[in-house]
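Report on one structure; see the data block that follows.
No hydrogens, no waters, no symmetry mates; every other heavy atom, side chains included, goes into these values. Just so you know, residue 1 is the first one in the sequence shown, and it goes up from there.
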Amino acid sequence: MTESPKECEKTVTPDVKLDVQNPSQPNFDEDRLREYCGVFGVFDLDDAAAITALGLHALQHRGQEAAGIVSYDNGRFHGERRLGLVGDHFSKESAIKRLPGSAAVGHVRYATTGETAIRNVQPLFAELNSGGFAVAHNGNLTNAQTLRRELIKEGAIFQSTSDTEVILHLVARSRKPQFLDRFIEALRSIEGAYSLVALTNKKLIGARDPLGIRPLVIGELNGKFILASETCALDMIGARFVRDVMNGEIVIISEKGLESINPFPPQPMRPCIFEYIYFARPDSLVHGRPVYQIRKAMGAELARERRIFADVVVPVPDSGVPAALGYSQESGIPFELGIIRNHYVGRTFIQPSQSVREVGVRMKHSANRCVVEGKRVVLIDDSIVRGTTSVKIVQMMRDAGAKEVHFLISSPPITHPDYYGIDTPQKEKLLAATHSLEEMRTYIGSDSLAFLSVDGIYRSMGYEKRDALRPQFTDHCFTGDYPTALTDLSGENRAQLSLLAEAS
């Protein structure tokens, strides 16, 4: 789900002097990578909307700006799309009553700065000549702007700024006689990363891009099939995990059961490596791998690559916890919660003044002084984006009396932006793209700084090293190796193509 680019208050480039004592970004979470969406779908189950709401609640980490559900009942589609958290709207009995039926699809999303509007909340719905069609999308199309312009020239009228709407128009304009053929023809026209759940009056459809960049799984509850972005959503509703939807596969769930087709030429899967590093919930399985264990293995590998003489290992909450445990167990340095996170504080960046925002940061994260005072501290985090959060964390440790602060990252440096559904800054705003390791350490203010190597992260995944000829994962943020065409980046389309410009 995409909108206009998120702007950073201060560009991080080598020729810009940064105020280390007062960095521009006040909120820890705003210096994080964002996964735009989570999807869920259920067919032929009573209380489909309520089940979908529970599934979306489990996927809330994948999108906290908006949520939507479309259900189908006795010839009619019903939709509810809301800004805010799933529990704010879909835990109410009245909302579920407005979504009757035994089939439903749902979506959670992140918005960027710019318009957070109902028109961009998914699932999107359209009445086609074959009947109603609702679609929810996780990922990003790298030729969406090009297709959008072509469609508008041909008379298409867009109602949102989402790349997902391109799929609706492509399906609607296809001349194929059968709906499934029209859907496949639309998929053949798009590039990039996508996991889709779609609902018609007869079918629930799931689809993954030919490389399988974004995740999608199949579950089973009471003999009926379910689609979800992650296995944690299946656990939430008591469903059994069946298998992953494979790369390039389309699954059709109907009264006949589950059918699978593969309309694309076969090629090796390249799932996004950031699902393991950051996005997926720790209790999920991604392609059969337990995410929690993988993150611990990354921490252990980091300990083997970078041994520090220190007194305590402290995670940056919450994403750094599994890696910090792995580092602690491998290194023998005690693990302690040296930073405490308050989960009940709202977003601090809306406060009116910098001084109040600074208080807001301390409300959300605070140092555990008794753990770090007088100690040599190893801080473990999963990634560095702009680096402004890292400055705050290191300074927090200093203020709490830490004797030394060593900052270790359980992934390689992020040197390239993402165009497949992750909200990354432009390249010049990525700290590792514009600074040497020593420049980064100086900016952050730590006594040392180290990252897990690219081969190290592959070893954590069970491989000897990264296969340079056929990489096992989509890892372009570290390597610059983009696995698909980037059509919207060429010529007049050069832009942060992961986001469509806002319509005025």
Side-chain angles (χ1 to χ4, degrees), residues 39 41-44 70 72 75-77 103-105 107 122-144 146-160 162-214 216-218 225-227 243-267 269 484-485 487:
V39 297
V42 58
F43 188 84
D44 197 21
V70 170
Y72 178 76
R76 294 189 61 186
F77 286 85
V105 290
H107 189 267
Q122 297 185 37
L124 299 184
F125 175 80
E127 289 283 358
L128 309 181
N129 61 4
S130 57
F133 175 49
V135 62
H137 170 209
N138 172 30
N140 196 74
L141 309 184
T142 57
N143 63 339
T146 300
L147 291 172
R148 184 185 179 98
R149 274 194 295 270
E150 292 172 356
L151 288 163
I152 289 174
K153 286 179 182 178
E154 294 173 3
I157 300 173
F158 279 76
Q159 300 296 318
S160 76
S162 166
D163 58 349
T164 310
E165 192 175 359
V166 168
I167 299 170
L168 285 176
H169 284 279
L170 291 172
V171 172
R173 287 169 176 259
S174 172
R175 296 294 182 260
K176 298 288 185 180
Q178 300 297 320
F179 174 84
L180 188 57
D181 294 328
R182 298 165 71 183
F183 183 72
I184 293 171
E185 185 176 59
L187 296 189
R188 292 187 191 279
S189 299
I190 62 179
E191 300 168 356
Y194 57 83
S195 284
L196 303 173
V197 293
L199 183 65
T200 72
N201 55 358
K202 295 181 180 179
K203 300 179 178 70
L204 173 67
I205 301 171
R208 276 183 91 181
D209 65 79
L211 290 173
I213 298 174
R214 301 262 70 85
L216 190 64
V217 300
I218 303 170
F225 292 107
I226 292 164
L227 298 173
R243 66 175 178 88
D244 292 278
V245 176
M246 299 307 295
N247 54 313
E249 182 183 15
I250 297 175
V251 293
I252 303 99
I253 299 167
S254 67
E255 293 179 350
K256 299 177 182 179
L258 187 145
E259 176 188 0
S260 170
I261 58 175
N262 294 275
F264 300 101
Q267 55 183 309
M269 180 179 285
T484 74
T487 299

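- When Ile213, Asn138, Leu187 are each tested for a side-chain contact (heavy atoms from CB on, under 4.5 Å) with Tyr194, only one passes: Leu187.
- Atoms CD1 and OG, on Ile252 and Ser260 in that order, are 7.0 Å from each other to the nearest 0.5 Å.
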Point to revise | Worked verdict on Phe264 versus Asp209 for side chain to side chain contact (heavy atoms under 4.5 Å, CB included) | key: CA-CA 9 Å; Phe264 300 101; Asp209 65 79; over 6 Å; no
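- Nearest approach of Val70 to Ala134, heavy atoms of both residues: CG1-CB, 3.8 Å.
- Between the side chain of Ser174 and the backbone N or O of Leu170, no donor-acceptor pair lies under 3.5 Å.
- Paired with Ile152 under the rule side-chain contact (heavy atoms from CB on, under 4.5 Å), one option of Arg148, Glu150, Glu154 passes, and it is Arg148.
- By the neighbour-count criterion of 12 heavy atoms within 6.0 Å, atom CZ of Arg76 is sparsely surrounded, having that number or fewer from other residues, nucleotides or ligands.
- Formation of a donor-acceptor pair under 3.5 Å by the Glu165 side chain with backbone atoms of Gln159 is found in this model.
- The distance from the CZ atom of Phe133 to the CG atom of Asn201 is 12.0 Å, given to the nearest 0.5 Å.
- When each of Arg243, Lys203, Glu259, Met246 is checked for a side-chain contact (heavy atoms from CB on, under 4.5 Å) with Val251, only Arg243 meets the rule.
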Check your understanding: Can Asn262 and Glu249 be said to form a side chain to side chain contact (heavy atoms under 4.5 Å, CB included), step by step?
Key -> CA-CA 5 Å; Asn262 294 275; Glu249 182 183 15; 3.6 Å; yes
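- Within the 3.5 Å criterion, the main-chain N or O of Arg214 finds a donor-acceptor partner in the side chain of Arg208.
- Taking CG of Asp244 as the start and CD1 of Ile218 as the end, the distance is 8.5 Å to the nearest 0.5 Å.
- Counting only heavy atoms from C-beta outward, the side chains of Ser254 and Lys202 never approach each other to under 4.5 Å.
- Here CG of Leu216 is found 8.5 Å from CG of Leu196. Values are rounded to the nearest 0.5 Å.
- By the ring pair (Phe, Tyr, Trp, His ring centres under 6.0 Å) test, Phe77 pairs with Tyr72, Phe125, sequence neighbours left out.
- With contacts defined as side-chain heavy-atom distances shorter than 4.5 Å, the pair Val39/Leu227 does not qualify.
- The minimum heavy-atom distance between Gln122 and Val135, with the atom names listed, is OE1-O, 3.9 Å.
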Review point. Would Val42 and Leu204 count as a side chain to side chain contact (heavy atoms under 4.5 Å, CB included) if you check the C-alpha gap in whole Å, the side-chain angles of each, and the deciding distance to 0.1 Å?
Key: CA-CA 7 Å; Val42 58; Leu204 173 67; 5.5 Å; no
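- Atom NE2 in His137 sits 11.5 Å away from atom CG in Leu168 (nearest 0.5 Å).
- For the pair Asp163 (side chain) and Asn140 (backbone), a donor-acceptor distance under 3.5 Å is absent.
- When all heavy atoms of Ala156 and Arg173 are compared, the closest pair comes out as N-NH2, 3.0 Å.
- You'll find the side chain of Asn247 stays beyond 4.5 Å of the side chain of Leu211, heavy atoms only.
- A heavy-atom distance below 4.5 Å is found between the side chains of Ile250 and Ile205.
- Partner of Pro263 under the side-chain contact (heavy atoms from CB on, under 4.5 Å) criterion, out of Leu180, Ile184, Asp181: Ile184 alone.
- Counting only heavy atoms from C-beta outward, the side chains of Ile167 and Leu141 approach each other to under 4.5 Å.
- Put simply, CZ on Phe225 and CD1 on Ile253 are 7.0 Å apart, with the number rounded to the nearest 0.5 Å.
- Across Val105 and Ala198, no two heavy atoms sit closer than the pair CG1-C, 4.2 Å.
- Ser162 and Ser160 form no side-chain donor-acceptor contact under 3.5 Å, judged by distance and modelled atom types alone.
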